[in-house]
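This report refers to the structure that appears directly beneath it.
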Amino acid sequence: MINRSQKTIGAKALAGLAAVGGVLCLAVPALAQGNGLAMLDTLARGEWTIKQRGGAPDRKICVKSGAELIQLMHRESGCSQFIVEDGAARVTVQYTCPGNGYGRTSIRRETAALVQLESQGIHGGMPFQMTAEARRTGSC
């Protein structure tokens with residue numbers, strides 16, 4: 001026969017397990033996402049030239065971590081990022097910049113000094129779409 005104290009202990013244990021399970025369910029996506037974007041760490045550091053398809057002038061940026069290639073249209077800090085895809089040769093990041101729009105960028109690595117970029121979103125209230133090739137062209 002189960003007494004009242006055993007019922008209370010059982011109920012508390014069940015509630016504790018449910019709480020732990022709930023925390024784990026919330027933690028798993030965060031753990032799965034981690035810092036990510038390891039592919040960007042494999043890119044050569046230095047000056048990169050971005051050649052947009054469609055006739056826009058070439059643009060040069062200094063790449064220190066590879067993350068500079070994610071927000072080419074939104075250069076400001078303070079944007080939140082969500083990793084959509086984090087592969088050995090391709091990353092996709094969706095980001096939101098409060099008060100200035102959002103974007104989604106895919107970077108496909110061909111070599112440590114050559115990547116293909118696709119980005120689209122809203123900047124300054126206007127839509128943008130960019131397809132480009134970025135290549136390391138020198139030192140910063």
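Counting begins at 1 with the first residue of the sequence. These figures come from a predicted structure and were not determined experimentally.
We find the CZ-CD distance between Arg104 and Glu85 to be 8.5 Å, quoted to the nearest 0.5 Å. For the atom pair His74 NE2 and Cys97 SG, the distance stands at 5.0 Å (nearest 0.5 Å). To the nearest 0.5 angstrom, Glu47 atom CD is 4.5 Å from Lys60 atom NZ. Rounded to the nearest 0.5 angstrom, Gln94 CD and Ser80 OG are separated by 9.5 Å. Rounded to the nearest 0.5 Å, atoms CZ (Arg59) and CH2 (Trp48) are 14.5 Å apart.
Screening residues 113-130 for salt bridge (Lys or Arg N to Asp or Glu O under 4.0 Å) gives no qualifying pairs among residues at least two apart or on separate chains. Within the structure, no pair that satisfies the disulfide bond (SG atoms under 2.5 Å apart) test touches residues 105-137, not counting sequence neighbours.
A side chain to side chain contact (heavy atoms under 4.5 Å, CB included) with Ile50 is found for exactly one of Leu117, Thr137, Asp58, namely Leu117.
For the side-chain contact (heavy atoms from CB on, under 4.5 Å) test, residues two or more places apart in sequence or in another chain that qualify with Asp41 are Arg45. Under the rule for a side-chain hydrogen bond (donor to acceptor under 3.5 Å, both in side chains), Arg75 has no partner lying at least two apart in sequence or in another chain. Partners of Glu110 according to the side-chain contact (heavy atoms from CB on, under 4.5 Å) rule, which considers only residues two or more places apart in sequence or in another chain, are Arg108, Leu114, Gln116. For Val91, the side-chain contact (heavy atoms from CB on, under 4.5 Å) partners at least two apart in sequence or on another chain are Leu37, Met39, Leu40, Asp86, Ile107.
Across all non-hydrogen atoms, the minimal contact from Cys79 to Gln71 is SG-NE2, 3.4 Å. Residue Gly46 comes nearest to Cys140 through the heavy atom pair C-SG, 3.2 Å, listed as atom of the first residue, atom of the second, then distance. Taking both residues in full, the closest heavy atoms of Asn100 and Gly124 are given as OD1-N, 3.2 Å, listed atom of the first, atom of the second, then distance. The minimum heavy-atom distance between Phe128 and Tyr102, with the atom names listed, is CE2-O, 3.8 Å.
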*Let me see the working for Lys51 and Arg135 under side chain to side chain contact (heavy atoms under 4.5 Å, CB included), right down to the final yes or no.*
CA-CA 8 Å; Lys51 294 181 177 277; Arg135 182 181 302 268; over 6 Å; no

_Worked verdict on Val63 versus Arg136 for side chain to side chain contact (heavy atoms under 4.5 Å, CB included)_ = CA-CA 9 Å; Val63 172; Arg136 186 180 187 284; over 6 Å; no

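Cluster annotation: Leu69 is connected to Met130 through the hydrophobic network of ILVMFWY side chains, with a link wherever side-chain heavy atoms come within less than 4.5 Å. Residues Ile83 and Ile70 share a single hydrophobic cluster, defined by chaining ILVMFWY side chains whose heavy atoms lie under 4.5 Å apart.
Looking at heavy atoms from C-beta onward, Leu72 lies out of side-chain contact with Thr105 at the 4.5 angstrom threshold. Two residues are said to be in side-chain contact when any heavy atoms from C-beta on lie closer than 4.5 Å; Cys62 and Glu68 fail this criterion.
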